[in-house]
Trainee: 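I am attaching a structure below and will ask some questions about it afterwards.
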Amino acid sequence: MSSLPRPEIISLGCRLNIAESETIRTLVGEGGDMVVVNSCAVTNEAVKQTRAAIRRAARARPDAQIIVTGCAAQIDPASFAAMPEVARVLGNADKLRAESWTSAEPMLVADLSRVVETAPHLASAFAGHARAFVEVQNGCDHACTFCIIPTGRGPSRSVPAGLVIERIARAVELGHQEVVLTGVDLTSYGHDLPGQPTLGLLIERILTHVPALPRLRLSSLDSIEIDDRLFELVTGEARVMPHLHLSLQAGNDLILKRMKRRHSRAQSVAIVERLLTARPEIAIGADLIAGFPTEDEAMAADTLALIDDCRIVHAHIFPYSARDGTPAARMPQVPHPLRRERAALLREAAARRRRDWLAAQIGQTRDVLVERPGTRGHAPDFADIHFSPAIEPGSIARVRVTAATETHLIGQLA
């Protein structure tokens, strides 16, 4: 006798979406013949990929009820509701409410400007993930001129430390060796809570109250918000992974000003120098946008040089994507072919930097969090390592690095 169809969760975009997808998994339970597409809206390409994922799901499971949620659904619910493949649309706040999954309403999309707290749900497992993703913050109060995400996520709001610690302790009990703290604007954590605790104070509390947690990793940080307490933790605490992904976006001061970023180029370079002086093994990642409106060749060259100046080895590079309703969409636009050309140059420079960084690790022995299928994983600095023989996913293995490709390391169990 065949088993009943189980719900499928398709998670697109950021680590926060991954964390929320696991909460959705606990809310839908057995759920029946259902596909949930947890969408992304960071670029027009991300929205296009969401639509493609919906159509693929409909072809693969023609009898399933397809429910679309996430940022793209929050920002433009009507366009997804109009797709013939889609049965229901849920907004970002609604997807984390149990009653939304039992409702028959075809569209539930709350006004996020009225949302003042994060959902208190605890994902009971992180199916398919070696590491657990724990949401500590949501939303954003900044107004970067290129960004549509505040519309999709609402104002900044934080999860109280006690709840965060409960979630992490539960993840460790379930066998997770690594936890990733996620948020839309992680370094804004705590300003809305009593006493205004900082991200650094939250990390201190996690390390104190969950002593069995071996590895704590941080998702994207706003470099200008790294205060002394946070700096001391990421450079001096071995359980905090030496991998920092910084929201830099550009390497030219005028472009940064037009983006309404709060840091300068010099501040980006200075914080990286301080970090690497204090803890040389830190691997720097960064988000960079190519072809922002008004960017000329000299401005683009400043951003290109930032890859070397900030020693970026984990680069997320995007051609600028004009989002309706954002100030940058009304600025003089760089032609699309030029955006793609500049993005390609950034990717080439980032690939060269990464290749050299990986090659320098040959002969080292690394502690690797093993991921499926048991023959690959990531080191503390998030170097991707493929190894043999296979061992149990979720464990931490000692691996001796024997070779490097352009994208990953190759090793043997030590």
Trainee: Could you work out, with side chain to side chain donor-acceptor pair (under 3.5 Å) as the rule, every residue matching E204, not counting sequence neighbours?
Mentor: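 For E204, the residues satisfying side chain to side chain donor-acceptor pair (under 3.5 Å) (neighbours in sequence not counted) are R229.
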Trainee: Can a side-chain donor-acceptor contact be found between D185 and S156 if the only test is distance below 3.5 angstrom?
Mentor: no
Trainee: Report yes or no: do T43 and S321 form a side-chain donor-acceptor pair below 3.5 Å?
Mentor: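 The answer is no; no qualifying pair exists.
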Trainee: Given the ring of F387, does R376 sit roughly above its face, with NZ or CZ under 6.0 Å from the centre of the six-membered ring and within 45° of the axis?
Mentor: no
Trainee: Going by atom types only, do T182 and S219 share a side-chain donor-acceptor pair under 3.5 Å?
Mentor: no
Trainee: Indicate the atoms forming the closest heavy-atom contact of A41 with I75, along with that distance.
Mentor: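 Heavy-atom minimum between the residues: CB-CD1, 3.8 Å.
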Trainee: Under a 3.5 Å threshold, yes or no: a donor from one side chain and an acceptor from the other, between H408 and T405?
Mentor: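 Note: H408 and T405 side chains meet the donor-acceptor criterion.
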Trainee: Pairing donors with acceptors under 3.5 angstrom, does anything connect the side chains of D381 and H314?
Mentor: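 No, because no side-chain N or O of D381 sits under 3.5 Å from a partner of the opposite role on H314.
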Trainee: Should the heavy atoms of other residues, nucleotides or ligands under 6.0 Å from NE2 of H336 be counted, would the total exceed 12?
Mentor: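 Check fails, neighbour count at 12 or below.
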Trainee: Do R51 and S79 have a side chain donor and acceptor closer than 3.5 Å?
Mentor: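 Yes - a donor-acceptor pair under 3.5 Å links their side chains.
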Trainee: Under 3.5 Å, is there a donor-acceptor pair linking the side chains of R88 and Q65?
Mentor: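 No, no side-chain donor-acceptor pair sits under 3.5 Å.
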Trainee: Looking just at side-chain N and O atoms, do R261 and S247 make a donor-acceptor pair shorter than 3.5 Å?
Mentor: yes
Trainee: Is a side-chain donor-acceptor pair under 3.5 Å present for N38 with T69?
Mentor: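 Note: T69 and N38 side chains miss the donor-acceptor criterion.
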Trainee: Within the 3.5 Å criterion, strictly below it, is a donor on E225 or S188 matched to an acceptor on the partner's side chain?
Mentor: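 Result is no, nothing qualifies.
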Trainee: More than 12 heavy atoms of other residues, nucleotides or ligands under 6.0 Å from CD of E406: yes or no?
Mentor: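 No, the 6.0 Å shell around CD holds no more than 12 heavy atoms from other groups.
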Trainee: Strictly by modelled atom types, are Q74 and D94 linked by a side-chain donor-acceptor pair under 3.5 Å?
Mentor: no
Trainee: Tell me if the centroids of the rings in H378 and H243 come within less than 6.0 Å of each other.
Mentor: no
Trainee: In a table with atom names and distances, give each donor-acceptor pair under 3.5 Å that connects a side chain of residues 389-403 to protein atoms at least two apart or in another chain.
Mentor:
from, atom 1, to, atom 2, distance (Å)
S395, OG, E392, O, 2.6
R398, NH1, D367, OD1, 3.0
T402, OG1, I410, O, 3.2

Trainee: Between R265 and N252, do the side chains contain a donor N or O and an acceptor N or O under 3.5 Å apart?
Mentor: no
